[in-house]
Amino acid sequence: MVNVVKGLYLSCDIPMTQFIINMNASLPQSQKFIIHVLDNTHLFVRSDMAGMIRSAISDFRDANTYEKPA
């Protein structure tokens with residue numbers, strides 16, 4: 001029997017992959033979005049969570065961006 005799951009294929013560098021995996025691990029079981037970790041730089045995730053993943057990555061990058069003092 002074949003099981004079909006609709007999802008998104010994410011390709012990113014290793015630190016960002018680890019950030020996404022850690023974010024997924026911190027969620028309750030009902031909200032987990034990673035379907036399968038393919039390798040160190042590729043993930044298969046639920047397609048309905050794309051917006052949440054994008055906003056979390058954006059917040060993470062904003063928090064870790066150096067801004068030169070005025």
Output a table of donor-acceptor pairs, distance under 3.5 Å, between side-chain atoms of residues 58-70 and any protein atom two or more places apart or on a different chain; print 'none' if there are none.
{"residue": "Asn64", "atom": "ND2", "partner": "Phe60", "partner atom": "O", "Å": "2.9"}
{"residue": "Thr65", "atom": "OG1", "partner": "Arg61", "partner atom": "O", "Å": "2.4"}

Extract all donor-acceptor atom pairs below 3.5 Å that involve side chains of residues 44-56 and protein atoms in other chains or at least two apart in sequence.
{"residue": "Arg46", "atom": "NE", "partner": "Asp48", "partner atom": "OD1", "Å": "3.1"}
{"residue": "Arg46", "atom": "NH1", "partner": "Lys32", "partner atom": "O", "Å": "2.9"}
{"residue": "Arg46", "atom": "NH2", "partner": "Asp48", "partner atom": "OD2", "Å": "3.1"}
{"residue": "Ser55", "atom": "OG", "partner": "Gly51", "partner atom": "O", "Å": "3.4"}
{"residue": "Ser55", "atom": "OG", "partner": "Met52", "partner atom": "O", "Å": "3.0"}

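By the criterion of side-chain heavy atoms lying less than 4.5 angstrom apart, applied directly or through intervening Ile, Leu, Val, Met, Phe, Trp or Tyr residues, Ile34 is grouped together with Leu27 in one hydrophobic cluster. Under the 4.5 Å side-chain heavy-atom criterion for ILVMFWY residues, no single connected hydrophobic cluster contains both Met23 and Ile35. Under a hydrophobic clustering in which Ile, Leu, Val, Met, Phe, Trp and Tyr are joined whenever their side-chain heavy atoms come within less than 4.5 Å, directly or via other members, Leu8 and Val37 fall into the same cluster.
The side-chain hydrogen bond (donor to acceptor under 3.5 Å, both in side chains) test applied to Asn40 returns no partner, not counting sequence neighbours. Pro15 is linked by a side chain to side chain contact (heavy atoms under 4.5 Å, CB included) to Asp13, counting only residues two or more places apart in sequence or in another chain. Ser11 meets the side-chain hydrogen bond (donor to acceptor under 3.5 Å, both in side chains) test with His42; sequence neighbours excluded.
Looking at heavy atoms from C-beta onward, Ile20 lies in side-chain contact with Ile57 at the 4.5 angstrom threshold. Residues Leu43 and Ile21 are in side-chain contact: their nearest non-hydrogen atoms beyond the backbone lie under 4.5 Å apart.
Val2 forms part of a hydrophobic cluster together with Val4, judged by ILVMFWY side-chain heavy-atom separations under 4.5 Å.
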